[in-house]
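Shown next, in structure tokens, is the structure this report addresses.
Throughout, protein chains are lettered first and strands after them, A, B, ... in sequence-line order, and every chain is numbered starting at 1. Scope of the values below: all heavy atoms of this structure, side chains included, with no hydrogens, waters or symmetry mates.
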Number of protein chains: 2
Amino acid sequence: MNEKELAELSGGVESLGFRPLYRQVRDRLIRRLVDGVWAPGEPLPSEIQLAAELGVSQGTVRKALDAMAAENLVVRRQGRGTFVARHDEERIMFQFFKLVGDDGQRTFPQSKVLALSLARANAAERAALKLAKDTRVIRIRRLRSIKGAPVIVENIALPEPMFPGLAAMEPPNNLYGLYAMRFGVTVASTREQLKAVAVCEADAEALGATPGVPALKIDRLALSLERQPVEWRVSVCLTEKLHYLSELR
Amino acid sequence: MNEKELAELSGGVESLGFRPLYRQVRDRLIRRLVDGVWAPGEPLPSEIQLAAELGVSQGTVRKALDAMAAENLVVRRQGRGTFVARHDEERIMFQFFKLVGDDGQRTFPQSKVLALSLARANAAERAALKLAKDTRVIRIRRLRSIKGAPVIVENIALPEPMFPGLAAMEPPNNLYGLYAMRFGVTVASTREQLKAVAVCEADAEALGATPGVPALKIDRLALSLERQPVEWRVSVCLTEKLHYLSELR
DNA sequence: TAGTGGTCTAGACCACCGA
DNA sequence: CGGTGGTCTAGACCACTAA
């Protein structure tokens with residue numbers, strides 16, 4: 001069953017001309033995730049079932065699933081099965097939320113929406129989200145607090161066509177969970193650019209801080225499974241009692 | 001040859017009571033790296049040779065080497081062999097140096113040593129580096145410039161026993177390369193804590209900046225292969241034309 | 001106890017590299 | 001061309017989970 005099918009899907013750069021079978025299997029399974037064949041938290045079929053269905057050996061399916069587990073797309077549990085990764089607060093917290101208290105405590109912040117609007121994308125938004133001219137975006141501005149103390153003010157921009165009707169909803173605390181549950185959009189990776197800045201007047205007022213105080217600016221672009229821009233978010237954080245934790249290996 | 005040897009080595013937390021063979025193989029190979037059996041850049045024996053020598057199958061050696069490649073300890077090249085990872089500027093740049101120009105350019109900075117001294121570790125150094133009382137540390141203060149413009153001032157503390165004689169040397173641009181080549185100490189991972197701060201008088205003078213300007217403070221602890229603290233480094237960075245890049249998946 | 005993922009082996013063949 | 005790592009298969013057995 002060694003047919004080198006000519007599936008063409010998203011993914012990393014390939015040497016073009018050779019596409020390992022397990023890579024093709026991975027891509028086909030990711031396609032099913034994108035299509036919502038299995039909901040987050042649900043178990044996939046067992047390795048043996050998938051192998052039989054796809055006409056490859058169990059070892060090849062295993063290698064594909066291992067790769068997906070390394071990408072945090074599925075969770076494997078010995079004796080139980082392989083499950084579609086969930087975007088609950090716990091996962092987000094450890095995967096994408098890197099702000100930690102100086103005492104080492106991680107606390108997921110509460111959020112308060114300050115403004116929500118719908119408008120044509122401006123030049124910056126079009127560039128960041130790779131949008132065509134005249135595409136509409138949803139803009140959210142919110143204040144996030146940890147233990148009652150306001151520490152982050154953030155401006156979020158979303159392509160409206162990807163999230164139809166979101167502008168009319170009450171945004172929950174955990175936006176990535178909403179994207180996944182209600183719009184089938186999975187945030188698979190992010191690219192963050194950090195700078196130190198002086199807090200501007202508007203942000204200072206929202207945060208209850210003195211204008212000009214140093215703050216950490218986090219410019220984040222979130223990408224979907226297909227590596228399409230999903231969300232652009234600029235956060236301004238007071239880091240007096242917090243820090244951004246980055247572990248490199 | 002399925003003897004579950006009772007090798008006890010560094011590494012992640014184990015369920016204690018079961019230690020996969022490939023894990024044991026990995027640990028034995030890491031032990032050899034630590035002992036300097038193969039120098040950085042040198043090829044390891046082929047999978048088949050290692051398998052024969054260690055009395056396991058080629059597949060098991062492969063799994064161990066794959067794990068080590070994922071940890072950036074070795075580099076595998078199809079058709080050539082498996083090589084001990086080098087700590088040259090290129091590798092450091094992409095693995096541990098996360099500052100990128102706003103134009104997307106990565107430039108390894110030039111360094112100028114401002115001060116170098118040898119002293120008993122103070123309380124903060126003992127805590128960070130997990131040192132016994134009265135251990136001596138080497139302190140280096142240096143200024144780093146990109147394209148001639150000073151952008152980083154950093155204070156480095158090293159356990160003197162781990163780097164005997166370093167205090168009398170002229171520190172090169174790339175310290176991690178020196179640690180590896182001259183002292184057999186490999187920096188395998190780092191933990192960085194980022195904050196926004198106002199530049200203090202002393203740092204401002206070194207950087208040629210105005211005191212009070214916002215800057216990015218990076219508090220980095222570097223760990224060896226055995227997960228022992230190797231270096232404590234606090235960098236203060238001007239991020240007007242730079243940013244810290246963090247990619248999360 | 002049945003079913004899952006995890007480990008280990010053995011062997012075949014493929015892609016890639018350098019002499 | 002020979003040697004390397006990379007892929008794929010098939011099958012045995014182990015560790016873990018839930019009923």
Residues that E170(A) engages under side chain to side chain donor-acceptor pair (under 3.5 Å), provided they are two or more places apart: none
Taking only residues two or more places apart in sequence or in another chain, which ones pass salt bridge (charged side-chain N to carboxylate O under 4.0 Å, His left out) with D35(B)? R31(B)
Below 3.5 Å, does any donor atom in the side chain of R62(B) face an acceptor in the base of dG5(D), or the other way round? no
Separation of Q58(B) atom CD from dA12(C) atom P, in whole Å? 13 Å
Please report, rounded to the nearest Å, how far the P atom of dA15(D) is from the CD atom of E47(A). 18 Å
Of all residues at least two apart in sequence or in a different chain, which pass the ring-ring contact (aromatic ring centres under 6.0 Å, His included) check with F83(A)? none
d(CD, Q24(A); C1', dT7(D)) in whole Å: 12 Å
Below 4.0 Å: OP1/OP2 of dT9(D) and any side-chain N or O of T60(A): yes
Starting at CZ of F18(B) and ending at C1' of dC13(D), how long is that distance when rounded to a whole Å? 11 Å
Using a 6.0 Å distance limit plus a 45 degree cone around the ring axis, check whether R144(B) lies over the aromatic ring of F108(B). yes
Separation of dG6(C) C1' from I48(A) CD1 (nearest whole Å): 13 Å
From dT7(D), dG5(C), dT4(D), nucleotide with atom closest to Q49(B) side chain: dT4(D)
Acceptor/donor pairs from residues 173-183 of chain B side chains to any protein atom, 3.5 angstrom cut, sequence neighbours excluded:
{"unit_1": "N173(B)", "atom_1": "OD1", "unit_2": "S111(B)", "atom_2": "N", "d": "3.2"}
{"unit_1": "N173(B)", "atom_1": "OD1", "unit_2": "S111(B)", "atom_2": "OG", "d": "3.0"}
{"unit_1": "N173(B)", "atom_1": "ND2", "unit_2": "P109(B)", "atom_2": "O", "d": "3.4"}
{"unit_1": "N173(B)", "atom_1": "ND2", "unit_2": "Q110(B)", "atom_2": "OE1", "d": "3.3"}
{"unit_1": "N174(B)", "atom_1": "OD1", "unit_2": "Y176(B)", "atom_2": "N", "d": "3.2"}
{"unit_1": "N174(B)", "atom_1": "OD1", "unit_2": "G177(B)", "atom_2": "N", "d": "3.1"}
{"unit_1": "N174(B)", "atom_1": "ND2", "unit_2": "H87(B)", "atom_2": "O", "d": "3.1"}
{"unit_1": "Y176(B)", "atom_1": "OH", "unit_2": "R220(B)", "atom_2": "NH1", "d": "3.1"}
{"unit_1": "Y176(B)", "atom_1": "OH", "unit_2": "E231(B)", "atom_2": "OE1", "d": "2.9"}
{"unit_1": "Y179(B)", "atom_1": "OH", "unit_2": "E231(B)", "atom_2": "OE2", "d": "2.7"}

Euclidean distance, atom CG of residue L44(A) to atom P of dG5(C) [Å, nearest integer]: 9 Å
In whole Å, I'd like the distance from the NZ atom of K63(B) to the P atom of dT9(C). 11 Å
Would you say dA18(D) has OP1 or OP2 under 4.0 Å from some side-chain N or O of R80(A)? yes
Holding to ring-ring contact (aromatic ring centres under 6.0 Å, His included), I want the full list of residues that pass it with F94(A), two or more places apart in sequence or in another chain. none
Going by the rule side-chain contact (heavy atoms from CB on, under 4.5 Å), which residues pair with I218(A) if we only count those two or more places apart in sequence or in a different chain? E192(A), L194(A), L216(A), S235(A), C237(A), Y244(A)
Does dG5(C) have OP1 or OP2 sitting under 4.0 Å from an N or O in the side chain of T82(A)? yes
Those residues of residues 64-79 of chain A lying under 4.0 Å from DNA chain C by at least one heavy atom: R76(A), R77(A), Q78(A), G79(A)
Find the distance Y22(A):OH to dG5(D):C1' and express it as a whole number of Å. 12 Å
Going by heavy atoms closer than 4.0 Å, what residues in residues 36-43 of chain A are next to DNA chain D? none
Quick one: list whatever passes side chain to side chain donor-acceptor pair (under 3.5 Å) with T190(B), sequence neighbours left out. none
State, without any angle test, whether K63(A) and Q58(A) hold a side-chain donor-acceptor pair at a distance under 3.5 Å. no
